[in-house]
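Here is the structure we will look at, set down as structure tokens.
One-based numbering, in listed order, for ligands and for the atoms of each. Side chains are part of it too, since the values below use all heavy atoms of this structure and drop only hydrogens, waters and symmetry mates.
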Amino acid sequence: MTYVVVEGCIACKYTDCVEVCPVDCFYEGENMLVIHPEECIDCGVCEPECPVDAIKPDTAPGVGPWLALNAELAQVWPNIREKTVPLPDHEIWAARPRKLDALSRNPAAPR
Ligand code: SF4
Ligand code: F3S
């Protein structure tokens, strides 16, 4: 089992989740984070930290495609270990239930 970042993260990227992960298994794209499913130890502490409820256990309904996306993009995006500022229009995007079309597959820009 693993935890998975789902649609709610897209274009918000609050990054509260990375602060609490004991194994630093979050990876950062331009406008979303993902969890590396083979590094996650299923502790669950990140799940309540996300302000938009964008972290789910892989047993939750509908999570399958997001698990595949997390597994794929964790291979190519850089690791993120520290909280940073959310994306500029996060409040607008937080209210949108469907935003897969807005996902960028680009890695986060180096800091
Ligand atoms: Fe990290 Fe635990 Fe969340 Fe997995 S469940 S991503 S190990 S904080
Ligand atoms: Fe994304 Fe929520 Fe973490 S918006 S960056 S999963 S705190």
Side-chain angles (χ1 to χ4, degrees):
M1 192 184 140
T2 179
Y3 281 73
V4 178
V5 182
V6 300
E7 195 158 16
C9 184
I10 296 170
C12 289
K13 209 166 77 166
Y14 288 103
T15 70
D16 301 69
C17 52
V18 304
E19 288 268 285
V20 299
C21 182
V23 293
D24 295 327
C25 65
F26 283 90
Y27 291 80
E28 184 181 14
E30 195 171 34
N31 69 358
M32 182 184 183
L33 297 193
V34 292
I35 292 169
H36 195 310
E38 289 170 19
E39 296 177 359
C40 174
I41 59 170
D42 315 328
C43 69
V45 299
C46 58
E47 186 181 15
E49 296 298 319
C50 178
V52 289
D53 200 23
I55 299 178
K56 306 283 186 195
D58 66 1
T59 49
V63 166
W66 295 99
L67 174 58
L69 190 78
N70 278 235
E72 175 195 340
L73 295 174
Q75 308 274 353
V76 291
W77 285 354
N79 190 236
I80 174 171
R81 299 181 177 207
E82 291 177 5
K83 180 173 167 56
T84 183
V85 291
L87 291 172
D89 293 328
H90 64 90
E91 287 178 353
I92 296 167
W93 284 98
R96 297 191 186 173
R98 294 285 169 265
K99 42 189 179 172
L100 179 57
D101 288 350
L103 172 66
S104 166
R105 288 174 165 265
N106 295 331
R111 294 201 175 82

Q: Taking 2.8 Å as the upper limit, name the protein N, O or S atoms near atom 3 (Fe) of ligand 1.
A: Cys46 SG
**Q.** Tyr3 OH to Glu47 CD distance, which is reported to the nearest 0.5 Å
**A.** 5.0 Å
Q | Residues Arg111 and Glu82 bridged, charged N to O under 4.0 Å | A | no
Q | Pairs meeting criterion salt bridge (charged side-chain N to carboxylate O under 4.0 Å, His left out) with involvement of residues 85-100, two or more places apart | A | Glu7-Arg98
Q | Residues clustering with Val52 (ILVMFWY side chains joined when closer than 4.5 Å, directly or via others) | A | Tyr14
Q) How long is the gap from CG on Asp24 to CD on Glu19, to the nearest 0.5 Å? A) 10.5 Å
**Q.** Contact summary for Pro37 and Leu67, nearest pair of heavy atoms
**A.** CB-CD1, 4.0 Å
**Q.** Numbered atoms and elements of ligand 1 in range of Pro22, under 4.0 angstrom, heavy atoms
**A.** 8 (S)
**Q.** Given Asn70, Val34, Ile55, the one that forms side chain to side chain contact (heavy atoms under 4.5 Å, CB included) with Phe26
**A.** Ile55
Q: Indicate the atoms forming the closest heavy-atom contact of Cys9 with Ala54, along with that distance.
A: N-CB, 3.4 Å
Q) How many N, O or S atoms of the protein are nearer than 2.8 Å to atom 1 (Fe) of ligand 2? A) 1
(Q) Would Leu103 and Asn31 count as a side-chain contact (heavy atoms from CB on, under 4.5 Å) here? Give the steps. (A) CA-CA 7 Å; Leu103 172 66; Asn31 69 358; 3.9 Å; yes
Q: Check the pair Lys83 / Asp16 against side-chain contact (heavy atoms from CB on, under 4.5 Å), numbers first and verdict last.
A: CA-CA 6 Å; Lys83 180 173 167 56; Asp16 301 69; 3.4 Å; yes
**Q.** Close-contact set for ligand 1 against Val23 heavy atoms, below 4.0 Å
**A.** 7 (S)
